[in-house]
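Below is one structure, written out as structure tokens; comments come after it.
This one's a predicted model, so the numbers in the text were calculated from it and none came from an experiment.
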Amino acid sequence: MKLRAIIMALAAAGLFGMATPFSKSLLQGLQENQLAGLLYLGAALFLTPSMFRQWSAQKPTLPADARNRGMLLGAIFSGGIIGPVLLLLGLRFSLAASVSMWLNLETTATAVLAMLFFREHLGRWTWIGNAGVLLAGLLLSVDRGWAGLWGILCVGGAAAAWGLDNNLTASIDGITPEATTFWKGLIAGITNLAI
């Protein structure tokens with residue numbers, strides 16, 4: 001079981017790493033919101049068999065109370081609609097390699113938002129690590145001039161949106177991570193394509 005988890009984590013990291021350069025090439029024929037919509041609908045489609053199993057087992061797939069539904073809607077809006085569009089906009093301005101590195105800003109945004117709004121404690125090493133990520137991102141944007149500045153601002157905005165999404169998603173009770181991802185993919189995908 002442990003080996004399977006390691007293999008799945010490595011596969012996920014590899015696929016995530018390939019997504020940025022492939023997305024850059026797809027932006028030649030699509031608008032940012034269109035590509036974001038297609039990517040998120042793809043996630044929902046991939047999770048549809050899991051959702052059918054949950055529905056047939058009569059497991060809850062939507063939060064039962066208003067607090068958790070609100071957090072799910074916040075995660076959908078920030079992480080499914082705003083985040084991917086800003087990322088793809090930044091990808092249009094900047095090199096795929098730089099954007100791939102700037103995506104590390106998501107960890108910094110998640111940690112800072114967790115401290116500010118979700119009462120998490122950040123230790124000294126967490127602050128040092130986050131400062132290093134931020135400094136590296138800024139250094140990568142310097143040689144691209146204004147395009148680099150616009151790129152890192154867009155990707156930084158996406159990182160903040162996904163940081164909020166991460167904190168909200170971690171606080172949702174009563175449904176599985178697959179259900180959260182399914183609803184995020186379905187609703188955000190339809191919304192971005194409709195825009």
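In this structure a side-chain-to-backbone donor-acceptor pair under 3.5 Å is missing from Ser94 to Leu91.
A heavy-atom distance below 4.5 Å is found between the side chains of Trp127 and Met115. Using a 4.5 Å heavy-atom threshold, the side chains of Phe182 and Ser50 count as separate. With a 4.5 Å cut-off on side-chain heavy atoms, Thr191 and Ile187 count as touching.
Listed by chain and number, the hydrophobic cluster partners of Met18 are Leu15, Phe22, where partners are ILVMFWY side chains within reach of under 4.5 Å, directly or through others. Other residues sharing a hydrophobic cluster with Leu45 under the 4.5 Å side-chain heavy-atom criterion for ILVMFWY residues do not exist; the residue is a singleton.
Checked against side-chain contact (heavy atoms from CB on, under 4.5 Å), Thr169 has the following partners two or more places apart in sequence or in another chain: Ala75, Asp165, Thr180, Lys184. For Thr126, the side chain to side chain donor-acceptor pair (under 3.5 Å) criterion is met by no residue, not counting sequence neighbours. Partners of Ile190 by side-chain contact (heavy atoms from CB on, under 4.5 Å), not counting sequence neighbours, listed by chain and number: Leu41, Leu186. The side chain to side chain donor-acceptor pair (under 3.5 Å) test applied to Asp65 returns Asn68, not counting sequence neighbours. Scanning for side chain to side chain donor-acceptor pair (under 3.5 Å) contacts around Thr61 gives Trp55, with sequence neighbours left out. The side-chain contact (heavy atoms from CB on, under 4.5 Å) test applied to Ala36 returns Pro84, Val85, Leu88, Asn192, not counting sequence neighbours. In terms of the side chain to side chain donor-acceptor pair (under 3.5 Å) criterion, residue partners of Thr110 (sequence neighbours excluded) are, by chain and number, Asn166. Scored by the side-chain contact (heavy atoms from CB on, under 4.5 Å) test, Leu62 finds Leu72, Trp183 as partners (sequence neighbours excluded).
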Pair up each side-chain donor or acceptor in residues 153-163 with any protein partner under 3.5 Å, not counting sequence neighbours, and list the distances.
| from | atom 1 | to | atom 2 | distance (Å) |
| --- | --- | --- | --- | --- |
| Trp162 | NE1 | Gly79 | O | 2.8 |

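Applying the side chain to side chain donor-acceptor pair (under 3.5 Å) test to every pair with at least one member in residues 13-38, sequence neighbours left out, gives these pairs: Glu32-Arg92.
The two residues Ile175 and Ile172 make their nearest non-hydrogen contact at CG1-CG2, 4.0 Å. Smallest separation of non-hydrogen atoms from Ala44 and Gly185: CB-C, 3.8 Å. In this structure, Asn167 and Ala114 approach most closely via the heavy-atom pair OD1-CB, 3.1 Å. In terms of heavy atoms, Pro60 sits closest to Gln54 at O-OE1, 4.0 Å.
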**Request:** List the steps, then state whether side-chain contact (heavy atoms from CB on, under 4.5 Å) holds for Leu73 with Arg69.
**Result:** CA-CA 6 Å; Leu73 285 175; Arg69 282 194 302 269; 5.6 Å; no

**Item:** Test log, rule side-chain contact (heavy atoms from CB on, under 4.5 Å), inputs Leu103 and Phe16
**Value:** CA-CA 11 Å; Leu103 284 172; Phe16 185 77; 3.9 Å; yes

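Thr108 contributes atom OG1, which lies 10.0 Å from atom CD of Glu106 (distance to the nearest 0.5 angstrom).
Hydrophobic clustering (side-chain heavy atoms under 4.5 Å, transitive across Ile, Leu, Val, Met, Phe, Trp, Tyr) groups Phe117 together with Leu105. The cluster map of Ile, Leu, Val, Met, Phe, Trp and Tyr, joined by side-chain heavy atoms under 4.5 Å apart, puts Ile195 and Leu193 in different clusters. The cluster map of Ile, Leu, Val, Met, Phe, Trp and Tyr, joined by side-chain heavy atoms under 4.5 Å apart, puts Phe52 and Phe46 in the same cluster.
Within 6.0 Å of CZ on Phe77 lie no more than 12 heavy atoms contributed by other residues, nucleotides or ligands.
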